[in-house]
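One structure is given below, encoded as structure tokens.
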Amino acid sequence: MRLVAWLTVPATSMRTHMCGELRREHIGSTVSVCGWVARRREHGEHLAFVDVRDHAGVVQCVVDNSVDVRSEYVVRITGIVRERPEGTVNPNLPTGEIELGECQVEILRTAAPPPFPIDARADEVDENIRLQYRYLDLRRERMQKNLRVRAAINSAVRASMEAQGFVEVETPMLVPSTPEGAREFLVPSRKEPGSFYALPQSPQLFKQLLMVAGVDRYYQIARCLRDEDLRADRQYEFMQLDAEMSFVNQDDVLGAISEAVLAAAEAATGERPPEIERMTWHDAMNRFGVDKPDLRFGIELTELTDAFAATEFKAFATAPSIKGICVPGVAADYGRNQLDKLTDRAKSLGAKGLVWLKAVAGDDLQIAFESPVAKFLSASEVEAVATRLGVVEGDLVLVVADEWETTCEVLGQLRNDLGRPPVHEGPYRYVWVVDFPMFVGRDAETGAPKPGHHPFTQPHPDDLDQLETDPMSVRSQAYDLVLNGWELGSGSIRIHQSDLQRRIFSVLGISEEEANRKFGFFLNPFDYGAPPHGGFAFGLDRLVAILAGEENIREVIAYPKTQSGADPMTNSPLPVAAAQLDQLGIRVLPPAAKG
RNA sequence: GGUCCCGUGGUGAAGUCUGGAGUUCACGCCGGCCUGUCAAGCCGGAGGUCGCGGGUUCAAGUCCCGUCGGGACCGCCA
């Protein structure tokens, strides 16, 4: 973190320095600082220590105790920087070697006692109260840091994109409602009562049309809005680095976005991460059981299907896919009760069951397993599990047998449950997940394949032949960027050829008439000359949160909403006056009667 | 739409399982003392509709039902 940059704020008519920037080198100079009273320590009639805080830090001011300053008063203090007397240096404070003496105190504004302490203790305060008094919460060092990490990342992203020839174009906030995708926020039209704009869930349409327009490389730090339920990593409103490029292939896009992400990471942490590795979707599922693998820890899924080819254990005998994970050293921590809970968890994730094996010492330095199914396992099967998973005494082995995808998903979730470190721990592990399947699942009614990314994604060139014959095996040119198990964002190479687009619609079971009705406004402009193009968008809130060591994106958003979508500070959302609704031609239904 | 956790002076917690006077602890606040502290110290004080509503009971912060608010997750987020 470039803390130094935060300390150097130009002097104003009221202050010469920031509180937090004063050091030994300033000894002897007369300075003025402005800020909030962080703490006051009184020592008799004529001595008090007042810690004054601004965003750069705190400095101790020695004042006459007759001056009545209290917590969070806004003050301007003029004094002489001097060395602290021997034995009174505070090594815990960057300004701890000096203090301000002979202080003149000017009270710029008195303050009521804050509802919670403006320091690290507020980390424990009910989040609702922090949000209600967000302006006080933001006054704290942690939140000031988060705001500034965010600003540094935004700035680095802009610089990187511009250095690569991207041009920032702003797209509208009032856009048409689109039939597919996330639920939208609607904005009523006053001039056309009954008609509505939508707030953009992303600038997708507009950025692709900028490619048709010949902009070549577009980017925007764009606000996106989705009316879906909120989570630790999801808000109604969030920011994306949105980008689109012409005359490119997948490598070109990944290269450009990698550059911006690495520049952002360097700005936030001071260290440029190594080149971002790539992994196919299939590898990610096979080894980690998720399409957003957290590479900070092991416990990889290990293939066991062939080892049980001739097993007597019925649940394993017929399963298409058998895999296991080995959680090191925790066998003793899991009693029958917790193991039952793990089994329930596996079942709720879709598995038929879960086999657990505790590694214990066997004969001849061999590993043996303590497990309800141990008696069904042959010596060679035990040997295979122990060897392939690298099991040592005290490990807990979990095995799932099911369809390949279910086996992977269940074990992947258990792997995260049992092994995933908190976000602020360990290295940053970026990974591009590529070669996503073109189609995921089938429509329950029509049986047609459903698009994995969106219906305008280019299939993988090697798989074009299978599009009609074996659509589920077709890979797409869609890709995700993942950091420490969080999906930062996704993108794809788009279809710019009308014949290929028609083939995709046909596979999806969308008629030409329906395609025109639903997507014509988007695709017809392509007939005027769409260049080959592709793009990407990633969530800045998530990137900032991880780089700031926060588990929750609310901590890196100045004014976030609660899980129910409310803002405790402004009390929004609120009812509006009837006259306002009349003007918009809107009538609100009474709340539905509860049954 | 669903599952789970939480709600006690301004703040954080204990008390709830096993009902018995608004009880306790820390911080903050107010007043006093205090000339080298630094989350100062010492003495004194004020401050609560135990989220809200209903029920059971001689008696409810505590048990039951409902409801509101907050959080984690599933669904959802092409």
Is any NZ, NE, NH1 or NH2 atom of the basic residue among R502(A) and E512(A) found under 4.0 Å from an Asp or Glu carboxylate oxygen of the other?
no
Residues D68(A) and R70(A) bridged, charged N to O under 4.0 Å:
yes
Paired to G69(B) by Watson-Crick or G-U wobble criteria (both distances under 3.5 Å) is C6(B)
Give me the distances for all protein-to-nucleotides 46-49 of chain B N/O pairs that come in under 3.5 Å?
none

Would you give the length of the straight line joining atom CE of M569(A) to atom CG of N128(A), rounded to the nearest 0.5 angstrom?
13.0 Å
Could you go over nucleotides 42-44 of chain B and give all protein N or O partners under 3.5 Å, atom names and distances?
none

Under 4.0 Å, heavy atom to any atom of RNA chain B: which of residues 446-456 of chain A qualify?
G452(A), H453(A), H454(A)
Between the CE atom in M239(A) and the CG atom in L540(A), the distance rounded to the nearest 0.5 Å is 7.0 Å
Figure out the NZ/C1' separation between K341(A) and C4(B), and round it to whole Å.
11 Å
Just name whichever nucleotide pairs with C38(B), Watson-Crick or G-U, keeping both distances under 3.5 Å, else none.
none
Say you pick atom P in U23(B) and the same atom in G47(B); how far apart are they, in whole Å?
13 Å
Checking base pairs now: Watson-Crick or wobble, both atom distances under 3.5 Å. What partners A26(B)?
U11(B)
If only side-chain N and O atoms count, and only distance matters, is there a donor-acceptor pair under 3.5 Å linking T343(A) with R345(A)?
no
Take atom P in A40(B) and the same atom in C29(B), then report the distance between them in whole Å.
10 Å
Are Q208(A) and Q204(A) close enough that a side-chain donor and a side-chain acceptor fall under 3.5 Å?
yes
Between C52(B) and G22(B), how many Å separate the two P atoms, rounded to a whole number?
15 Å
If we take the C1' atom in both G10(B) and G32(B), what is their distance in whole Å?
23 Å
Should we say atom CD of E141(A) is surrounded by more than 12 heavy atoms from elsewhere, each under 6.0 Å from it?
no
Can you tell me, in whole Å, how much space there is between the P of C43(B) and that of C25(B)?
13 Å
Under a 4.5 Å cut-off applied to non-hydrogen side-chain atoms, are R296(A) and P421(A) in contact?
yes
Distance between the P atoms of G70(B) and U8(B), in whole angstroms?
15 Å
Taking the C1' atom in each of G7(B) and G51(B), what is the distance between them to the nearest angstrom?
6 Å
Could you state the NZ-C1' distance from K292(A) to C77(B), rounded to the nearest angstrom?
11 Å
In Watson-Crick or G-U wobble terms, both distances under 3.5 Å, what is the partner of C58(B)?
G20(B)
Look for any protein N or O under 3.5 Å of an N or O in nucleotides 30-32 of chain B and output each such pair with its distance, or none.
residue	atom	partner	partner atom	Å
C30(B)	OP1	R70(A)	NH1	2.4
C30(B)	O5'	R70(A)	NH1	3.4
G31(B)	OP2	R70(A)	NH1	3.2
G31(B)	OP2	R70(A)	NH2	3.3

How close or far is atom C1' of U3(B) from atom NZ of K347(A), stated in whole angstroms?
18 Å
Between F206(A) and Y218(A), does the ring pair (Phe, Tyr, Trp, His ring centres under 6.0 Å) criterion hold? Intermediate values first, please.
CA-CA 10 Å; F206(A) 294 96; Y218(A) 142 91; over 10 Å; no
Here the distance between atom C1' of C77(B) and atom CG of L225(A), to the nearest Å, is 13 Å
What N/O pairs connect the protein and nucleotides 14-17 of chain B at under 3.5 Å? Give each pair on its own line.
none

Could you tell me the separation between the CG atom of D51(A) and the CG atom of L100(A), rounded to the nearest 0.5 Å?
11.5 Å
Over all atoms of both residues, closest heavy-atom pair of A122(A) and P117(A):
CB-O, 3.4 Å
If each of P117(A) and N65(A) is mapped to the nucleotide of RNA chain B with the nearest heavy atom, which maps nearer the 5' terminus, i.e. the 5' end?
P117(A)
Mind checking the CG-NZ spacing from L131(A) to K561(A)? Nearest 0.5 Å is all I need.
10.5 Å
Do E184(A) and S177(A) have side-chain N/O donor and acceptor atoms under 3.5 Å apart?
yes
Between Q132(A) and Y135(A), the two heavy atoms sitting closest are O-CE2, 4.2 Å
In whole Å, what is the span from the CZ atom of F238(A) to the C1' atom of C76(B)?
14 Å
P-based separation of C34(B) from A21(B) [nearest Å]:
43 Å
D567(A): what forms a side-chain hydrogen bond (donor to acceptor under 3.5 Å, both in side chains) with it, not counting sequence neighbours?
T570(A)
List the residues meeting side-chain hydrogen bond (donor to acceptor under 3.5 Å, both in side chains) with E405(A), not counting sequence neighbours, and say none if there are none.
none
Going by the ring-ring contact (aromatic ring centres under 6.0 Å, His included) test, which pairs reach into residues 504-524 of chain A, not counting sequence neighbours?
F456(A)-F519(A), F456(A)-F522(A), F505(A)-F519(A), F522(A)-F526(A)
Does a side chain donor of either H454(A) or E180(A) reach within less than 3.5 Å of an acceptor in the other side chain?
no
Mind checking what makes side-chain hydrogen bond (donor to acceptor under 3.5 Å, both in side chains) contact with R40(A), not counting sequence neighbours?
N65(A)
Expressed as a whole number of angstroms, how long is the span from E124(A):CD to G7(B):P?
15 Å
Is there a side chain to side chain contact (heavy atoms under 4.5 Å, CB included) between Y559(A) and L138(A)? Walk through the geometry before answering.
CA-CA 9 Å; Y559(A) 300 106; L138(A) 292 175; 4.2 Å; yes
Please give, in whole Å, the distance from A78(B) P to E228(A) CD?
7 Å
So, D137(A) and R134(A), do they make that salt bridge, N to O below 4.0 Å?
yes
Nucleotide by nucleotide, 5' to 3', does protein get under 4.0 Å of the base (B), only the sugar-phosphate (S), or neither (-) in nucleotides 35-41 of chain B, counting heavy atoms?
SBBBBB-
Applying side-chain contact (heavy atoms from CB on, under 4.5 Å) to D340(A) and not counting sequence neighbours gives R336(A)
Salt-bridge criterion met for R23(A) and E97(A) (N-O under 4.0 Å)
no
Which parts of nucleotides 70-75 of chain B does protein reach within less than 4.0 Å, heavy atoms only, written one letter per nucleotide 5' to 3' as B for base, S for sugar-phosphate only and - for none?
SBBBBB
Here the distance between atom C1' of A78(B) and atom CG of D443(A), to the nearest Å, is 13 Å
